[in-house]
Amino acid sequence: MVDREWGSKLLQGFSKLYKDQEFVDITLVVDGQEFQCHKNVLAISSPFFMALFSTKMSESGQEKITLKEIDRLTMALVLDYIYTGEVFLTEETVQDLLSAANRFQLLPLRKGCADFMRKHITASNCIGIYFFAKAHECENLAVKAKEIINRQISTLCQNQEFLSLPADKLIELMSDDNIEVTQEEVVYEACLNWIKTELESRKKHLSEVMQCVRFANINSYYFCDRIDSNSMLKECPVLSKTLDDIKYFHMLR
């Protein structure tokens with residue numbers, strides 16, 4: 001005999017015990033707030049808690065454990081999911097919840113958060129979501145965000161979020177062969193504007209950033225008028241050699 005309703009009844013029972021605060025044996029302290037829970041429920045739900053309670057770490061024998069790098073609202077949502085299998089997602093809370101799901105190794109919750117975010121990607125948040133998804137190993141979410149970035153790069157490169165990117169992340173975006181630009185001049189101007197936004201601190205990245213530009217694809221007149229005459233580029237030994245080679249290429253062509 002198999003009671004196919006037993007699993008859901010058991011979950012409902014644990015949910016009621018949590019709601020009524022009965023038989024609790026562990027207190028999680030998050031951002032000053034205490035959450036009274038059941039060790040066995042946490043351990044069976046999360047490899048993180050299983051390791052925490054089953055090893056010889058100092059926390060394993062404590063009745064009260066402080067968790068850092070998570071806020072009380074996110075912890076409450078995580079516990080809602082653990083005890084009920086359900087959680088209410090919003091655009092304001094989903095990123096923190098996905099990060100927590102990653103930390104506690106709640107993979108179905110992480111996937112649910114990623115699916116929710118994938119449905120709410122726009123041009124205004126795609127850059128942030130792309131790098132967030134990569135950091136949390138959410139491949140499908142990263143792919144969707146990158147598709148939007150590649151299509152909208154001509155507009156996105158003018159936004160403050162783009163201009164605030166670290167050098168390595170800027171290079172990752174602009175060196176992608178799949179970015180959709182009508183002219184290579186767009187890539188050049190985007191890289192140059194990024195450098196000029198914080199010139200003193202970013203000038204050291206000039207050579208590697210400009211490697212994203214396919215100078216041979218730039219219009220000859222634009223190259224001679226705007227690039228070959230740029231003193232900042234010419235003062236960089238590596239770039240100077242590249243620009244000379246490109247100039248001869250345009251002349252021969």
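Keep in mind the model is a prediction, meaning the values are calculated, not measured.
Glu137 meets the side chain to side chain contact (heavy atoms under 4.5 Å, CB included) test with Arg110; sequence neighbours excluded. The side chain to side chain contact (heavy atoms under 4.5 Å, CB included) check on Glu185 picks up Gln183, Ile218, Asn219, Tyr222, with sequence neighbours excluded.
Hydrophobic clustering of Ile, Leu, Val, Met, Phe, Trp and Tyr side chains at less than 4.5 Å, counting indirect connections, keeps Met75 apart from Phe88. Under a hydrophobic-cluster definition in which Ile, Leu, Val, Met, Phe, Trp and Tyr are linked whenever side-chain heavy atoms come within less than 4.5 Å, directly or via other members, Leu163 and Leu170 are assigned to the same cluster. Under the 4.5 Å side-chain heavy-atom criterion for grouping Ile, Leu, Val, Met, Phe, Trp and Tyr, Ile70 is connected to Phe53 within one hydrophobic cluster. Both Val181 and Val213 sit in one connected hydrophobic cluster of ILVMFWY residues. Membership requires side-chain heavy atoms under 4.5 Å apart, directly or through other members. Follow the hydrophobic side-chain contacts under 4.5 Å out from Val186 and you reach Phe223 in the same cluster.
Minimum heavy-atom separation, Val87 to Tyr81: CB-CB, 4.3 Å. Closest approach of Arg214 and Ser175 over heavy atoms only: NH2-O, 3.4 Å. Nearest heavy atom pair, residue Met174 against residue Ile179, reads O-CD1, 3.7 Å. Minimum heavy-atom separation, Ile195 to Arg202: CD1-O, 3.4 Å. Across all non-hydrogen atoms, the minimal contact from Leu106 to Ser45 is CD2-O, 3.3 Å. The minimum heavy-atom distance linking Lys169 with Leu165 is given by the pair CB-CD2, 4.3 Å.
The aromatic rings of Phe104 and Phe49 sit parallel, their planes meeting at an angle under 30°, below the 60° perpendicular limit.
At a threshold of 4.5 Å between non-hydrogen side-chain atoms, the residues Arg226 and Glu189 count as touching. Taking the side chain as every heavy atom from C-beta outward, Glu69 and Arg103 approach each other to under 4.5 Å. The closest side-chain heavy-atom distance from Leu28 to Glu34 is not below 4.5 Å. Between Ile149 and Leu156, the closest side-chain pair of non-hydrogen atoms falls below 4.5 Å. Side-chain atoms of Val29 and Leu67, non-hydrogen and from C-beta on, never get closer than 4.5 Å to each other. Side-chain atoms of Leu243 and Ile227, non-hydrogen and from C-beta on, do get closer than 4.5 Å to each other. When side chains are defined from C-beta on, Cys157 does not count as touching Asn193, because their heavy atoms never get closer than 4.5 Å. The shortest distance between side-chain heavy atoms of Leu192 and Met232 falls below 4.5 Å.
Summarising the geometry, atom CD1 belonging to Ile82 is positioned 7.5 Å from atom SG belonging to Cys37; distances are rounded to the nearest 0.5 Å. In this structure, NZ on Lys134 lies 15.5 Å from CD1 on Ile129, to the nearest 0.5 angstrom. Within the model, atoms SG of Cys212 and OH of Tyr188 stand 13.5 Å from one another, a figure rounded to the nearest 0.5 Å. To the nearest 0.5 Å, the span separating CD on Gln33 from OG1 on Thr27 amounts to 12.0 Å. Taken to the nearest 0.5 Å, the CG atom of Asp176 stands 9.0 Å off from the CD1 atom of Ile153. Expressed to the nearest 0.5 Å, how far CG of Asp244 lies from OG1 of Thr242 amounts to 9.0 Å.
In terms of modelled atom types and a separation under 3.5 Å, the side chain of Arg72 and the main chain of Asp31 share a donor-acceptor contact. With hydrogens and angles ignored, the 3.5 Å screen pairs no side-chain donor or acceptor of Ser46 with any backbone N or O of Leu42. Side-chain atoms of Gln105 do not come within 3.5 Å of backbone N or O of Asn102 as any donor-acceptor pair. Side-chain atoms of Ser164 come within 3.5 Å of backbone N or O of Gln160 as a donor-acceptor pair. Panel note: side chain Asp3, backbone Glu5; a donor-acceptor pair is recorded below 3.5 Å.
Centroid-to-centroid, the aromatic rings of Tyr83 and Phe14 stay 6.0 Å apart or farther.
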**Prompt:** Could you go step by step and tell me if Asn217 and Phe215 meet the side-chain contact (heavy atoms from CB on, under 4.5 Å) rule?
**Reply:** CA-CA 5 Å; Asn217 293 338; Phe215 286 105; over 6 Å; no
**Prompt:** How far apart are the C-alpha atoms of Glu147 and Asn150, what are their side-chain angles, what is the distance that settles it, and do they pass the side-chain contact (heavy atoms from CB on, under 4.5 Å) test?
**Reply:** CA-CA 5 Å; Glu147 289 174 353; Asn150 287 344; 6.0 Å; no
**Message:** Using side-chain contact (heavy atoms from CB on, under 4.5 Å), reason through His38 and Ile26 one step at a time and then give a plain yes or no.
**Reply:** CA-CA 6 Å; His38 306 84; Ile26 187 68; 5.9 Å; no
**Asked** Should Leu109 and Leu97 be marked as a side-chain contact (heavy atoms from CB on, under 4.5 Å) after you check the CA-CA gap, both sets of side-chain angles, and the distance that decides it?
**Response** CA-CA 8 Å; Leu109 177 58; Leu97 187 56; 4.1 Å; yes
**Item:** Verdict with supporting geometry, Glu172 and Tyr130, side chain to side chain donor-acceptor pair (under 3.5 Å)
**Value:** CA-CA 11 Å; Glu172 181 177 342; Tyr130 170 67; 2.6 Å; yes
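Remark: Lys146 does not engage Glu139 in a salt bridge, criterion side-chain N to carboxylate O under 4.0 Å. With respect to Glu198 and Lys203, no salt bridge is recorded, no charged nitrogen being found less than 4.0 Å from a carboxylate O. Looking at Lys247 and Asp228, a side-chain N of the basic residue comes within less than 4.0 Å of a carboxylate O on the acidic one, giving a salt bridge. Under 4.0 Å is where a charged nitrogen must lie from a carboxylate oxygen, and between Asp80 and Lys19 no such pair does. Salt-bridge formation is not detected for the pair Arg151/Glu180: no Lys NZ or Arg NE/NH1/NH2 atom is positioned less than 4.0 Å from an Asp or Glu carboxylate oxygen.
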When the side chains of residues 112-126 are checked against the rest of the protein, which donor-acceptor pairs come out under 3.5 Å, sequence neighbours left out?
{"residue": "Asp115", "atom": "OD1", "partner": "Arg118", "partner atom": "NH2", "Å": "2.9"}
{"residue": "Asp115", "atom": "OD2", "partner": "Lys111", "partner atom": "NZ", "Å": "2.9"}
{"residue": "His120", "atom": "ND1", "partner": "Phe116", "partner atom": "O", "Å": "2.7"}
{"residue": "Thr122", "atom": "OG1", "partner": "Ser124", "partner atom": "N", "Å": "3.3"}
{"residue": "Thr122", "atom": "OG1", "partner": "Ser124", "partner atom": "OG", "Å": "2.8"}
{"residue": "Asn125", "atom": "OD1", "partner": "Thr122", "partner atom": "N", "Å": "2.8"}
{"residue": "Asn125", "atom": "ND2", "partner": "His120", "partner atom": "O", "Å": "3.2"}

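Judged by distance alone, the side chains of Ser99 and Asp96 never bring a donor and an acceptor atom under 3.5 Å apart. Side-chain polar atoms of Lys234 and Asn230 form no donor-acceptor pair below 3.5 angstrom.
Taking a 6.0 Å sphere around CD of Gln21, one finds it holds more than 12 heavy atoms contributed by other residues, nucleotides or ligands.
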